[in-house]
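Quick notes on the structure that follows.
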Amino acid sequence: MRVFLEILKEHIINNVNEIYNYAKKPIIAVVKANAYGMGSIEVSSVLERHPKIRAFAVACLEEAIELRDSGIKKPILVLGGFLYKDEISYFKEYNITPVISSDYQYAFIRNEDLDFHLKIDTGMGRLGFFDPPDMSSPRLKGIMTHLASPLDKEYSIYQINKFKSILKALNKNMEIHIQSSAGLLYDIDFTTSVRIGLALYGEKPYEEFIPKIKPIYRFGARLVSLKAFKKGQKISYGGSYTIPKDDTLIGVIAMGYADGVPKQLSNRWFFDFKSQKLPIVGAITMDMTMAEIPQSIDIKIGDTAYFVNENQTFSKASKLLKTIPYELMCRIGKRVKRILL
Ligand SMILES: *Cc1c(COP(=O)(O)O)cnc(C)c1O
């Protein structure tokens, strides 16, 4: 095996405990998009056994069925609901709960034998009802909204208050959820659970977030070549790096942009080998990345160097690229073997 993503079970459990201790509410674990690239089956198998995980949430029916087929028994919410009427039979067969966001979807299920949650658009500007439909159905088991800019206090409080006013029309108890990871900034007394993705995986949505959250991933690959170059020789496509002096050691690490190492990090990022830095040199290629090996580092062919891990996180790389950790995590490639440790 050349390229892999080690998932640290202990860190998943740590993060659930930390989030629970902070939020004091059960957690709906958001494992859409293959658990943000981490491997939904591997991650969910750990979450399933944790008593503070109340349910799972995914984006679409296919992701939910994958979880059921892997043995997940807890409730599963499909945040995107459904599109076609013939999906409904699968929701029933697999005991999966859709989140209903529109009159279009509601018309399909109102007379069906299927529990559902409702999504309200209080300012996200994406899915959800502006005004809720009839909420008297005994099949209605939950209601939710989503914050658009959790770090913006004024806008978020406006959304929270708007949601609260809609809840006045409810005449029974049900699951009520608003907060995502960054939404934990707000202490909301009328919700019953929190809907958490990013923080479960050990990324912090802002600097002062729960301090003991730990990255659950170590994403790396084997060193497959090591050789000394002469001054003036060039590295990789386009020759964007020129060897500065004789006897410079260059290693080839068996992961590239097909695995989720963004090409824009060429000449700008490092691999981590036993907490020492190996600077990436030259263009990152599809399957391989070159790194300079300082003379003091004792690395040999077959050793593992990490693109991201506890020392250098997705958040840090994403700042360099002016994006968010979510995007880099979702880019982790298909051939990357997920290993639960
Ligand atoms: C993805 C998503 C979440 C999880 O957000 P994090 O920032 O990863 O915690 C929660 N709710 C909805 C509706 C989402 O789409």
Side-chain angles (χ1 to χ4, degrees), residues 12 15-16 18-20 22-23 25-40 43-44 47 52-64 67 75-82 96-102 105 116-129 142-152 155-156 159-160 162-163 175-186 188 191-210 213-217 313-315 318 323-332:
I12 299 176
N15 295 345
V16 175
E18 290 292 329
I19 294 162
Y20 180 78
Y22 186 85
K25 284 178 189 176
I27 297 162
I28 299 173
V30 181
V31 295
K32 64 197 181 194
N34 199 20
Y36 296 30
M38 301 287 107
S40 63
V43 169
S44 301
L47 296 172
K52 301 305 179 198
I53 299 295
R54 172 170 287 177
F56 292 90
V58 293
C60 59
L61 178 63
E62 290 81 356
E63 292 179 335
L67 289 183
I76 303 177
L77 277 178
V78 173
L79 296 170
F82 56 83
I96 295 164
T97 308
V99 177
I100 300 301
S101 294
S102 62
Q105 293 176 328
F116 64 94
H117 287 205
L118 278 183
K119 188 184 263 187
I120 308 296
D121 188 346
T122 53
M124 173 66 191
R126 196 173 61 178
L127 292 183
F129 292 92
I143 183 163
M144 62 176 280
T145 193
H146 193 42
L147 301 178
S149 313
L151 304 188
D152 179 339
Y155 195 71
S156 298
Q159 283 193 266
I160 293 164
K162 194 161 177 180
F163 189 57
E175 196 82 57
I176 299 171
H177 41 111
I178 302 179
Q179 293 133 298
S180 59
S181 300
L184 292 178
L185 265 176
Y186 305 93
I188 308 174
T191 55
T192 58
S193 52
V194 292
R195 221 169 44 235
I196 306 295
L198 194 71
L200 287 175
Y201 310 116
E203 287 288 346
K204 298 177 185 179
Y206 50 91
E207 282 296 322
E208 319 74 44
F209 194 72
I210 310 172
I213 291 286
K214 293 178 185 160
I216 68 162
Y217 53 79
T313 60
F314 279 110
S315 289
S318 69
T323 181
I324 48 178
Y326 303 77
E327 187 188 1
L328 300 188
M329 295 164 82
C330 290
R331 281 203 215 168
I332 300 173

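Order of appearance sets the numbers: ligands from 1, and atoms from 1 within every ligand.
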Using a 4.5 Å cut-off on heavy atoms from C-beta on, say whether the side chain of R195 contacts that of H146. yes
For L127, check side chain to side chain contact (heavy atoms under 4.5 Å, CB included) against everything at least two apart and list the hits. S101, K119
Evaluate E327 against S318 for side-chain hydrogen bond (donor to acceptor under 3.5 Å, both in side chains), listing each step before the verdict. CA-CA 8 Å; E327 187 188 1; S318 69; over 6 Å; no
Under 4.0 Å from ligand 1, residues with heavy atoms, in chain and number order, are V30, K32, Y36, L79, R126, M144, H146, S180, S181, R195, I196, G197, L198, Y326
Please name the residue in the list R54, H177, E175 that meets the side-chain hydrogen bond (donor to acceptor under 3.5 Å, both in side chains) test with S193. E175
Backbone N or O of I210 within a donor-acceptor pair of the E18 side chain at under 3.5 Å? no
Ignoring hydrogens and angles, tell me if any N or O in the side chain of S156 forms a donor-acceptor pair with the backbone of S149 under 3.5 Å. yes
